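As the structure is a prediction and not an experimental result, all values here were calculated from the model.
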Amino acid sequence: KELYFASACHELKNPLTCLLGSLSIMSNKMKFEPELLEEAEESGTMLKSLINNVLDFSKMEADRLEIESLDIDLRTSMQKVFDISEGIGSKKGIKVFLDIDSSFPPSVQTDAPKISQVILNLLGNAIKFTDQGFVCLKMTW
């Protein structure tokens, strides 16, 4: 099972990496509807993160998982997650808000891809189970 997950994920990552590279080139050359290309790039990046999570799962099973802990600008990471979630919410007619408290530090030490995926999943579920109104990601310290 572990070998299957690892192989499948590596097979998925190759065309996804190519797709992300193509989107990046397109966004540099094409000036119309740049926000659509940016959203496609961000969604592809999140998909790549999901694939990496499956790889991490197989590493956990084999006791080989390593957690990254780097100083990052979590505000910027959450803005990217928010941008994707806002697009998902607008398709359903749900407003999505991002509220970052002024006391939130400019840099925190964490595993950026993992925390982004957790927050994306939480926002996705909040949007999915909200029939009307809004969803708000509030960041406080």
Side-chain angles (χ1 to χ4, degrees), residues 1-131 133-141:
K1 179 172 80 172
E2 296 154 16
L3 184 58
Y4 170 76
F5 278 134
S7 308
C9 288
H10 284 292
E11 292 300 319
L12 288 169
K13 278 178 73 170
N14 291 334
L16 182 58
T17 300
C18 184
L19 175 67
L20 289 172
S22 297
L23 285 169
S24 179
I25 291 168
M26 287 172 59
S27 68
N28 290 333
K29 291 188 177 204
M30 302 169 86
K31 298 302 174 204
F32 63 94
E33 308 274 354
E35 61 277 349
L36 293 176
L37 287 172
E38 287 173 24
E39 190 175 313
E41 274 188 284
E42 289 169 2
S43 295
T45 300
M46 287 296 190
L47 180 58
K48 188 174 180 181
S49 179
L50 273 171
I51 291 168
N52 285 333
N53 286 344
V54 175
L55 280 170
D56 286 348
F57 178 76
S58 67
K59 288 177 184 176
M60 273 189 333
E61 293 280 317
D63 290 327
R64 294 184 301 134
L65 179 65
E66 294 177 16
I67 304 291
E68 287 185 9
S69 186
L70 302 171
D71 282 332
I72 64 156
D73 178 359
L74 193 56
R75 292 171 186 246
T76 301
S77 294
M78 290 303 101
Q79 183 64 50
K80 290 177 182 178
V81 169
F82 167 78
D83 291 343
I84 293 169
S85 299
E86 188 178 37
I88 294 166
S90 71
K91 290 175 187 164
K92 191 177 172 188
I94 303 296
K95 286 271 194 190
V96 181
F97 298 100
L98 176 61
D99 180 10
I100 303 175
D101 189 77
S102 61
S103 66
F104 204 85
S107 178
V108 295
Q109 195 171 56
T110 188
D111 189 322
K114 286 185 180 48
I115 196 146
S116 294
Q117 189 57 49
V118 167
I119 300 301
L120 184 64
N121 288 341
L122 288 171
L123 285 172
N125 283 335
I127 293 165
K128 180 179 176 182
F129 294 108
T130 300
D131 294 325
F134 66 93
V135 170
C136 182
L137 171 61
K138 183 170 180 131
M139 295 171 53
T140 60
W141 193 254

Distance check, rounded to the nearest 0.5 Å: [X] atom [atom1] versus [Y] atom [atom2]?
X    : Y    : atom1 : atom2 : value
I84  : L123 : CD1   : CG    : 10.5 Å
L137 : E86  : CG    : CD    : 12.0 Å
W141 : I100 : CH2   : CD1   : 13.0 Å
I94  : D131 : CD1   : CG    : 7.0 Å
K138 : L98  : NZ    : CG    : 11.0 Å

Could you pull out the closest heavy-atom pair between [X] and [Y], with the gap in Å?
X   : Y    : value
D99 : C136 : CB-SG, 4.0 Å
K92 : T130 : NZ-O, 2.8 Å
R75 : P105 : NE-O, 3.9 Å

[X] side chain near [Y] side chain, heavy-atom distance below 4.5 Å:
X    : Y    : answer
S116 : M78  : yes
F82  : V96  : yes
S85  : L120 : yes

(message) Given M139, which partner from the list L74, D101, I119 fulfils the side chain to side chain contact (heavy atoms under 4.5 Å, CB included) test?
(response)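 Only one of L74, D101, I119 forms a side chain to side chain contact (heavy atoms under 4.5 Å, CB included) with M139, namely L74.
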
(request) State whether the number of non-hydrogen atoms from other residues, nucleotides or ligands found under 6.0 Å of F97 atom CZ is greater than 12. (result)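 Correct, the count exceeds 12.
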
